[in-house]
Each structure stands twice: as C-alpha cells, then as structure tokens.
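Structure, as structure tokens:
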Amino acid sequence: LESMAMGKPVIMAKTGCLDLNIEEQKVGYYYETHNPYDLSDKLRLLNNNRTSAEKLGLNGNKLVNRKYNLEVYNSKLQNFFKENNLDIYH
C-alpha cells in the first residue's frame, strides 16, 4: 500500500497477502514467488515502459486514496466494534 500511496507501481510476489488483485486493479504486476528471473522481467518491463509505469502508479494512488484512506479505515473499525458489541469508551 505504501508504494501505491507514493504513486509508484507495485511488483509483488503471488502470495495473497493483500485482499487486492494488483493486476485487475491495474496498479502493478505479480511475479512468481521464488523466481528472481520473473522479478527481473517485471522490473525491466516497468523500466522500459515509463508511461505505463506512471499510469500504474497513478492508478494505485487513486485506489489508496479511495479505498484505504483514514476515513474508510475509521468507518470499518467503528462498524467492527458496533457489530461485536464492543464499547471502546469504557
């Protein structure tokens, strides 16, 4: 998320650590886990296609600002407390 917030394209191993498909969202590329050649290919792809890299970075920045901003996080947290009958003020 940090690289998207900074407007940078994402290159991420296919580990499923985020509930986000970076290729579907057009914010970056996956590489095969434990495959340095695939990682190198993805880095080269971004380096050789600067316009595409900038667009992926911009898409990521927009996504973070829309879906992962503080207001959204705060709202989800408050809903969690309400749904679980947790009183955070006592």
Please round to the nearest 0.5 Å and tell me the distance separating atom [atom1] of [X] and atom [atom2] of [Y].
{"X": "Leu20", "Y": "Ile22", "atom1": "CG", "atom2": "CD1", "value": "7.5 Å"}
{"X": "Ser3", "Y": "Met6", "atom1": "OG", "atom2": "CE", "value": "9.5 Å"}
{"X": "Asp41", "Y": "Asn48", "atom1": "CG", "atom2": "CG", "value": "10.5 Å"}
{"X": "Leu77", "Y": "Lys82", "atom1": "CG", "atom2": "NZ", "value": "11.0 Å"}

**Study point:** Whether over 12 other heavy atoms sit under 6.0 Å from Tyr68 OH
**Key:**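 Check passes, neighbour count above 12.
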Exercise for review: Determine whether more than 12 heavy atoms belonging to other residues, nucleotides or ligands lie under 6.0 Å from atom NZ of Lys42.
Suggested key: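 Atom NZ in Lys42 is crowded, with more than 12 foreign heavy atoms closer than 6.0 Å.
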[X] (side chain) donor-acceptor with [Y] (main chain) under 3.5 angstrom:
{"X": "Asn49", "Y": "Ser52", "value": "no"}
{"X": "Asn74", "Y": "Leu70", "value": "no"}
{"X": "Gln25", "Y": "Gly60", "value": "no"}
{"X": "Asn65", "Y": "Asn61", "value": "yes"}
{"X": "Asn35", "Y": "Tyr37", "value": "yes"}
{"X": "Asn59", "Y": "Lys26", "value": "yes"}

Using a 4.5 Å cut-off on heavy atoms from C-beta on, say whether the side chain of [Y] contacts that of [X].
{"X": "Leu56", "Y": "Val10", "answer": "no"}
{"X": "Met12", "Y": "Tyr31", "answer": "no"}
{"X": "Thr33", "Y": "Asp38", "answer": "no"}

Review point. Out of Leu39, Ile11, Asn21, which residue meets the side-chain contact (heavy atoms from CB on, under 4.5 Å) rule with Tyr30?
Key: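 Checked Leu39, Ile11, Asn21 against Tyr30; only one passes side-chain contact (heavy atoms from CB on, under 4.5 Å): Asn21.
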